[in-house]
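Down below is the structure, laid out as structure tokens.
Because only heavy atoms are used, hydrogens play no part in the values below, and waters and symmetry mates are left out as well, while side chains stay in. To find a chain, count down the sequence lines: A is the first, B the second, and so on, and within it residues start at 1.
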Amino acid sequence: MPELPEVEIVKRGLEGALLVDGVGARIDTLTFNRPNLRVLLPVHLPDALKGQRFSSFTRRGKYVVAFVESGAGFILHLGMSGVVKIIPKDERYIPAKHDHVVFKMDDGGHVVFNDPRRFGFLKATTRDDWQFDDSFRGMGPEPLSNGFNGPILAERLKGRSGPIKTALLDQKIVAGVGNIYACEALYMAGISPKRSAGSVQGKRAERLAAAIVDVLTRAIESGGSSLKDYYQADGSLGYFQHSFKVYDREGDIVDGKHPVVRIVQSGRSTFYCPAKQR
DNA sequence: CTCCTGTCCTGCCGGC
DNA sequence: TGCCGGCAGGACAGGA
């Protein structure tokens, strides 16, 4: 379930592997092993990237954006089950099931996008145009940027009658928060997921904004204190050990005596502690 | 505009 | 043991 922290780790892992001392690794070939993921794969992209060096990587919400020297690039969303695998030049690449997108690098290394459920997608873009892509239109503030705080969050929540949990999943409110960190942040802030979004104002909004920042920051930190920690044994990036307070802990006792409860909101599981969240 | 529901997809897990 | 139903979830479309 890649949310902002996992995607940030993927982006950092790609930087570490493909931008060594500021020099980008060169792409030999890009291969699509099927015509589509969630949307059609961009047929012209392999030609546009062939022979190019990677020049930079960035992240916006749950998206990774990559560019090569010519200015061509792509937007990648990991969907629900997407994984980026880095296979170093001295290791043999053994194709695996669901390896849909494969970069063969000039030095013999490989970068692979593997996504069993194919909820992810990859779109072509350019350095000049990427910010105007439909995927980013209306997207809310980056929670880990300086501009994010309680008043900004409160302003975005104002007038919304639906539950705060559902609002947090809306990328127009704040970018990069998904089901797990929405539950965790609400627990940390002591706010019930059922509370109407519009009623999260003032001090509550301050607490929630701070909790979002805290939960996301700590998740990124737990993703790896050094670059090698970013990788799983198979070279995959972005999934690491988490310890959640409430997510997927139905029935567990928190704070010595209060159980975690699971409810469904907008078709999604919500985990929270009614005794601690109002 | 907001809100709500259904859709996409595969792997996994519980029940019988 | 094996099969089947349900669930997981991010984004988006479409209807109220």
Can you list the residues that meet the side chain to side chain contact (heavy atoms under 4.5 Å, CB included) rule with [X], with sequence neighbours excluded?
X: A/R204; answer: A/I191, A/R195, A/V200, A/R207
X: A/H98; answer: A/H100, A/N114, A/P116
X: A/K89; answer: A/D107
X: A/K165; answer: A/L169, A/N179, A/A182, A/C183, A/L186, A/P193, A/Q265, A/R268, A/T270

Mark up nucleotides 5-11 of chain B, 5' to 3', with B wherever a protein heavy atom is under 4.0 angstrom from a base atom, S wherever such an atom reaches only the sugar-phosphate, and - elsewhere.
-> ---BBBS

Whether [Y] and [X] form a salt bridge (side-chain N of Lys/Arg under 4.0 Å from carboxylate O of Asp/Glu) is what I want to check.
X: A/D134; Y: A/K123; result: no
X: A/K50; Y: A/D47; result: no
X: A/K245; Y: A/E184; result: no

Between A/S269 and A/D134, just flag the one whose closest nucleotide in DNA chain C comes earlier from the 5' side.
->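 Final value for this comparison: A/S269.
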
Range-with-range stems of DNA chain C (Watson-Crick or G-U pairs under 3.5 Å, three or more in a row) |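 Expected stems, ordered by start: B:2-16 with C:2-16.
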
To the nearest Å, how far apart are [X] [atom1] and [N] [atom2]?
X: A/D115; N: C/dG10; atom1: CG; atom2: P; result: 13 Å
X: A/L37; N: C/dG10; atom1: CG; atom2: P; result: 17 Å
X: A/R156; N: B/dT2; atom1: CZ; atom2: C1'; result: 15 Å
X: A/D170; N: B/dT2; atom1: CG; atom2: P; result: 8 Å
X: A/K165; N: B/dC4; atom1: NZ; atom2: C1'; result: 15 Å
X: A/F244; N: C/dG9; atom1: CZ; atom2: P; result: 11 Å
X: A/F121; N: C/dG9; atom1: CZ; atom2: C1'; result: 14 Å
X: A/I164; N: B/dC3; atom1: CD1; atom2: P; result: 11 Å

Nearest to side-chain heavy atoms of A/R262, which nucleotide of C/dG9, C/dA8, C/dC12 |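 Minimum distance to the A/R262 side chain belongs to C/dA8.
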
Between C/dG10, B/dC3, C/dA8, spot the one nearest the side chain of A/R160, thanks.
->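 Per side-chain heavy atoms of A/R160, the pick is B/dC3.
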
What about A/F103 and A/F74, are their ring centers closer than 6.0 Å?
->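 Yes, close enough.
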
Please check the phosphate of [N] (OP1 and OP2 only) for any side-chain N or O of [X] closer than 4.0 Å.
X: A/S161; N: B/dC3; value: yes
X: A/H77; N: C/dG10; value: no
X: A/Q171; N: C/dG10; value: no

Taking a hydrophobic cluster as the set of Ile, Leu, Val, Met, Phe, Trp and Tyr residues connected by side-chain heavy atoms closer than 4.5 Å, whether directly or through intermediates, do A/F113 and A/V10 fall within one such cluster?
->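 Same hydrophobic cluster.
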
So what does A/T166 touch, heavy atoms closer than 4.0 Å: a base, only the sugar-phosphate, or nothing?
->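 Contact class for A/T166: none.
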
Does a side chain donor of either A/D99 or A/Y93 reach within less than 3.5 Å of an acceptor in the other side chain?
->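 Short answer, yes.
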
